[in-house]
Student: 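This is the structure I have questions about; it appears just below.
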4 protein chains.
Amino acid sequence: MSKTDKRKKVLAAAASVFSTRGFHQARMDEIAERAGVAKGTLYYNFSSKSKLFSATVTEGIDEIIAKIRAQIDSDMPFAEHFRQLIQCNVTLYLQYSDLARIVFNEVSSGMDDEILADIQTARARYVDCVADQLKDGQRSGHIKDVNLRLTAVAIVGMLDNLCNHHLRDPSSVGRDELVDLLFDLLSSGLTRESKLPSNFD
Amino acid sequence: MSKTDKRKKVLAAAASVFSTRGFHQARMDEIAERAGVAKGTLYYNFSSKSKLFSATVTEGIDEIIAKIRAQIDSDMPFAEHFRQLIQCNVTLYLQYSDLARIVFNEVSSGMDDEILADIQTARARYVDCVADQLKDGQRSGHIKDVNLRLTAVAIVGMLDNLCNHHLRDPSSVGRDELVDLLFDLLSSGLTRESKLPSNFD
Amino acid sequence: MSKTDKRKKVLAAAASVFSTRGFHQARMDEIAERAGVAKGTLYYNFSSKSKLFSATVTEGIDEIIAKIRAQIDSDMPFAEHFRQLIQCNVTLYLQYSDLARIVFNEVSSGMDDEILADIQTARARYVDCVADQLKDGQRSGHIKDVNLRLTAVAIVGMLDNLCNHHLRDPSSVGRDELVDLLFDLLSSGLTRESKLPSNFD
Amino acid sequence: MSKTDKRKKVLAAAASVFSTRGFHQARMDEIAERAGVAKGTLYYNFSSKSKLFSATVTEGIDEIIAKIRAQIDSDMPFAEHFRQLIQCNVTLYLQYSDLARIVFNEVSSGMDDEILADIQTARARYVDCVADQLKDGQRSGHIKDVNLRLTAVAIVGMLDNLCNHHLRDPSSVGRDELVDLLFDLLSSGLTRESKLPSNFD
DNA sequence: GATGAATGAGAGTTCATTCAT
DNA sequence: AATGAATGAACTCTCATTCAT
């Protein structure tokens with residue numbers, strides 16, 4: 001078995017355990033066991049629990065971003081394109097929900113500053129990816145002149161919270177409903193379409 | 001000193017420590033020290049670390065909800081009212097940012113299921129509070145027919161992510177900008193103003 | 001059982017284990033077991049293995065120094081007094097040989113700098129104690145004008161090496177022989193008595 | 001590269017690392033790295049860490065002894081000869097201070113008995129070397145009738161402690177001062193020269 | 001002869017929890 | 001009601017040693 005094999009196995013096991021338990025509750029023992037290697041092997045490949053966590057997050061998020069970029073087809077009408085974007089993000093979020101939980105929900109506290117920075121960088125790359133998608137729409141005149149980065153932050157927040165809501169109780173709301181809501185909200189906001197701005201008060 | 005006094009002191013200290021360190025990194029020792037009581041006193045008032053955490057979160061979130069409800073003045077034009085709502089939520093989020101971090105970012109993993117349920121209930125109460133605010137707008141015909149609960153979830157997600165973005169680097173984006181973006185996005189979405197809501201005020 | 005009791009028990013067990021195994025080979029488990037307390041109790045009383053070691057050495061060496069000072073009777077002819085001094089140091093060294101081994105032989109490497117400094121300070125106190133003894137002899141005119149501190153260092157070196165030699169193989173040399181050699185060497189050196197210093201070549 | 005080449009490289013690296021860190025703190029990894037060989041090569045040449053340590057010490061001490069024997073010139077007046085002897089030992093001790101630290105200060109505890117015996121044998125060879133030097137002086141009538149082995153033990157003790165004192169704080173005492181003190185002490189002891197042995201009381 | 005990835009027993013340390021006072 | 005000394009299970013990390021190549 002090659003070096004790469006064990007490293008990959010460890011990363012996969014780490015993603016699984018960190019997602020289930022969170023960083024602090026994850027035990028290196030369990031990761032080793034699930035990877036089918038000895039505990040020392042974890043430390044042979046990653047110098048600490050924090051570094052393993054960091055690698056798990058970074059490599060995972062980059063995989064997701066690559067998939068998003070690969071799945072986008074911009075040669076269709078904007079509305080359809082935009083809906084596809086949302087759909088794609090929702091689908092990947094739900095598919096990688098364990099990783100997503102790590103990246104978006106456990107970044108706040110009690111970790112080495114260095115590692116924290118790595119993870120925030122990974123998060124930022126995802127936000128940038130979303131912002132890039134918006135930029136295309138802005139260039140083509142379909143999206144108005146807003147602070148794209150900030151808007152991307154807001155979108156990711158919605159995505160995160162909505163998807164978690166769905167995951168906590170899948171029966172309460174379907175995946176399609178999530179996509180519809182996001183599309184609707186992002187397209188035209190909350191105000192009644194029939195009510196013209198003139199008498200919006 | 002009455003029982004209630006010490007209990008309150010403990011809760012205040014717990015809020016402070018849990019906020020700073022997060023649940024798993026918070027130490028009962030530090031909470032006791034900051035509360036100025038012996039460690040045993042913590043266990044005299046709360047049966048476990050989890051219960052103390054739960055109480056901290058629950059009582060904190062209820063305090064915030066009460067403040068939001070108290071600050072809303074619905075006797076003004078809707079647009080102004082809506083903006084005030086957003087402003088109020090942003091302000092309170094930033095003010096209680098430590099508590100917010102706990103409630104919205106560390107709920108996911110590695111905690112007793114029972115406690116987790118308590119905290120998710122507290123979260124749900126906040127979401128309900130936001131949904132209630134929307135409901136008023138819907139009743140008065142200013143907000144269109146959307147799934148309010150889901151929309152509230154989305155809004156809270158945006159709020160959370162945007163405020164954290166601001167807190168991580170206050171110089172990158174001002175508080176007012178947050179409010180403006182939220183108001184704009186929620187009012188009319190991302191599509192160009194030329195598309196109808198042109199004279200939206 | 002009072003706090004002091006357990007602390008003392010731990011120190012005694014630590015002295016025993018550190019002496020037998022040396023610092024790096026001593027296991028906290030064994031110290032706890034020998035003290036009849038839980039491992040956590042070690043850390044409740046001493047913040048780390050190093051600190052426990054430091055306390056063991058410091059408190060031990062101070063006990064020895066106190067005994068030396070108590071046993072000296074300076075109201076006798078100098079030669080006798082001097083021999084008594086040597087006898088007293090040899091006796092105490094052999095009696096506290098475990099501690100002595102720690103203080104004089106394991107100070108060199110692989111320890112926290114802070115702790116190392118503590119131990120060197122303890123060593124220095126012992127050297128000072130010997131130097132003080134010499135000073136009296138110098139004041140009374142019996143000891144010539146030499147660098148007392150340096151001489152004390154040399155004497156402690158002899159004492160250490162000779163006593164260890166005796167301890168390694170007690171049958172090869174008796175305790176009295178050690179005292180005699182030290183007395184003879186320190187009194188008049190190695191040169192033949194018949195040869196007066198004047199024509200020493 | 002021949003087997004002997006790598007073996008020598010390993011021994012040199014081992015001396016360097018063991019000296020700096022001491023036996024227990026030295027890591028095989030670091031020795032291998034410093035030797036520029038793989039870790040397995042260490043075990044290919046030496047069956048264990050202890051054996052490697054033993055070989056390092058034994059070969060090192062023999063090198064020193066050979067140098068001492070080579071540097072002695074006995075065709076000069078005794079006093080000068082004796083001073084030269086002391087000077088030579090001090091100089092070599094300081095030059096090989098790392099090895100000396102191992103041999104004289106870390107031999108006591110926490111090592112395999114077998115290895116411990118090897119090292120004590122090496123020490124004994126050094127003591128014998130010093131004793132041999134004294135024997136010449138005794139044969140020529142310059143040194144009085146003392147237990148030479150024991151005296152050599154005492155001298156090595158002084159040498160060790162004084163040199164370490166110098167190494168810990170070179171500014172406090174110069175190398176020449178060490179030699180002078182040793183020469184003076186060994187020649188005529190501590191008593192005032194004016195006081196003849198006859199009325200030494 | 002030489003390698004270095006892999007191992008796993010064992011180390012120091014932490015900290016929520018208990019209970020005699 | 002309140003304490004805090006004591007606990008011990010659980011944790012991360014180390015490193016001498018092995019063995020397939």
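Below, chain A is the first sequence line, B the second, and so on; all start at residue 1.
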Student: On DNA chain E, compare the nucleotides closest to A:Gly36 and C:Ala26; which residue's is nearer the 5' end?
Tutor: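 It is A:Gly36, whose closest nucleotide lies nearer the 5' terminus.
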
Student: Just jot down the salt bridge (Lys or Arg N to Asp or Glu O under 4.0 Å) partners of C:Glu59, sequence neighbours excluded, or say none.
Tutor: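 Expected list: C:Arg7.
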
Student: Distances under 3.5 Å between protein N/O atoms and the N/O atoms of nucleotides 19-21 of chain F, please, pair by pair.
Tutor:
none

Student: Choose from E:dT13, E:dG1, F:dT17 the nucleotide whose nearest atom is closest to any side-chain atom of D:Tyr44.
Tutor: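 Out of E:dT13, E:dG1, F:dT17, the nucleotide with an atom closest to D:Tyr44's side chain is E:dG1.
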
Student: What's the CD1-P distance between C:Ile115 and E:dG12, to the nearest Å?
Tutor: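 Going from C:Ile115 (CD1) to E:dG12 (P), I get 15 Å.
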
Student: Considering only side-chain heavy atoms of A:Lys6, which listed nucleotide, F:dT7, E:dA6, E:dA2, is closest?
Tutor: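 Looking only at side-chain atoms, A:Lys6 lies closest to E:dA6.
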
Student: NE2 of B:His24 versus P of F:dA10: gap in Å, rounded?
Tutor: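 Rounded to the whole Å, the gap is 16 Å.
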
Student: Tell me: CD of A:Gln25 to C1' of F:dT12, nearest whole Å?
Tutor: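 Whole-Å distance recorded here is 14 Å.
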
Student: Taking CZ from D:Phe46 and P from E:dG1, how many angstroms apart are they, rounded to a whole number?
Tutor: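 After rounding, the gap between these two atoms is 13 Å.
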
Student: Test the B:Lys49-B:Phe23 pair against the cation-pi criterion, namely NZ or CZ under 6.0 angstrom from the six-membered ring centroid and within 45° of the ring axis.
Tutor: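 Because its charged atom sits under 6.0 Å from the ring centre and within 45° of the axis, B:Lys49 does stack over B:Phe23.
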
Student: Which sits closer to the 5' end of DNA chain E, A:Val37 or B:Asp29, going by the nucleotide each is nearest to?
Tutor: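 Checking each residue's closest nucleotide, the 5'-ward one belongs to A:Val37.
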
Student: Could you check how far CG of D:Asn45 sits from C1' of E:dG1, rounded to whole Å?
Tutor: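 About 9 Å, once rounded to whole Å.
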
Student: Separation of B:Phe23 atom CZ from E:dC15 atom C1', in whole Å?
Tutor: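 About 12 Å, once rounded to whole Å.
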
Student: Heavy atoms from C-beta onward define the side chain here; which of F:dA10, E:dG10, E:dA16 lies closest to that of C:Lys39?
Tutor: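 Minimum distance to the C:Lys39 side chain belongs to F:dA10.
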
Student: State which of E:dG4, F:dA2, F:dA16 makes the closest approach to the side chain of D:Arg27.
Tutor: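 Of the candidates, F:dA16 comes closest.
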
Student: Using side chain to side chain contact (heavy atoms under 4.5 Å, CB included) as the criterion, list what pairs up with B:Asp160, not counting sequence neighbours.
Tutor: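 If we apply the side chain to side chain contact (heavy atoms under 4.5 Å, CB included) test to B:Asp160, skipping adjacent residues, the hits are B:Tyr93, B:Phe104, B:Asn105, B:Asn164.
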
Student: Send over the distance from B:Leu52 CG to E:dC15 C1', rounded to a whole Å.
Tutor: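 Checked: the CG to C1' distance equals 15 Å.
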
Student: Can you pull out every salt bridge (Lys or Arg N to Asp or Glu O under 4.0 Å) where at least one residue sits in residues 34-46 of chain D? Sequence neighbours excluded, please.
Tutor: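 Qualifying pairs: D:Asp29-D:Lys39, D:Glu30-D:Arg34.
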
Student: What residues form a side-chain hydrogen bond (donor to acceptor under 3.5 Å, both in side chains) with D:Tyr126, not counting sequence neighbours?
Tutor: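 Residues passing side-chain hydrogen bond (donor to acceptor under 3.5 Å, both in side chains) with D:Tyr126: D:Asn89.
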
Student: Report the residues that fulfil side chain to side chain contact (heavy atoms under 4.5 Å, CB included) with D:Ser97, sequence neighbours left out, ordered by chain and then residue number.
Tutor: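 Once residues adjacent in sequence are excluded, the partners of D:Ser97 under the side chain to side chain contact (heavy atoms under 4.5 Å, CB included) criterion are D:Leu167.
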
Student: Given E:dG8, E:dA6, F:dT12, which nucleotide is nearest the side-chain atoms of A:Lys49?
Tutor: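 So the side chain of A:Lys49 is nearest to F:dT12.
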
Student: Under 4.0 Å, heavy atoms only, any strand: does C:Ala32 hit a base, just the sugar-phosphate, or nothing?
Tutor: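 No contact at all - C:Ala32 keeps every heavy atom at 4.0 Å or more from the nucleic acid.
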
Student: Using Watson-Crick or G-U wobble pairs with both distances under 3.5 Å, give me DNA chain F in dot-bracket, 5' to 3', with [ ] for crossers and | for pairs to another strand.
Tutor: .||||||||||||||||||||

Student: Rounded to whole Å, please give me the gap between CD in B:Glu30 and P in E:dC15.
Tutor: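 The distance from CD of B:Glu30 to P of E:dC15 comes to 10 Å, rounded to the nearest Å.
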
Student: Quick one: salt bridge (Lys or Arg N to Asp or Glu O under 4.0 Å) partners of A:Asp118, sequence neighbours excluded?
Tutor: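 A:Asp118 satisfies salt bridge (Lys or Arg N to Asp or Glu O under 4.0 Å) with no residue once adjacent residues are dropped.
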
Student: Quick check: on DNA chain F, is the nucleotide nearest C:Thr41 upstream (toward 5') of the one nearest A:Ser47, or the reverse? Name the residue that is more 5'.
Tutor: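 Looking at DNA chain F, the more 5' nearest nucleotide goes with C:Thr41.
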
Student: Test of understanding: with side chain to side chain contact (heavy atoms under 4.5 Å, CB included), list the residues that count as partners of B:Ser48, not counting sequence neighbours.
Tutor: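 B:Ser48: side chain to side chain contact (heavy atoms under 4.5 Å, CB included) contacts with B:Ser50, B:Lys51.
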
Student: Search all heavy atoms of C:Ala13 against all heavy atoms of C:Ile31 and return the closest pair with its distance.
Tutor: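 Between these two residues, the closest heavy atoms are CB-O, 3.5 Å.
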
Student: Can you work out whether A:Ser48 or B:Leu42 has the more 5'-proximal nearest nucleotide on DNA chain F?
Tutor: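 Upstream on the strand: B:Leu42.
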
Student: In plain terms, say whether B:Arg101 and B:Asp98 are close enough for a salt bridge, that is, a side-chain N and a carboxylate O under 4.0 Å apart.
Tutor: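 Salt bridge present between B:Arg101 and B:Asp98.
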
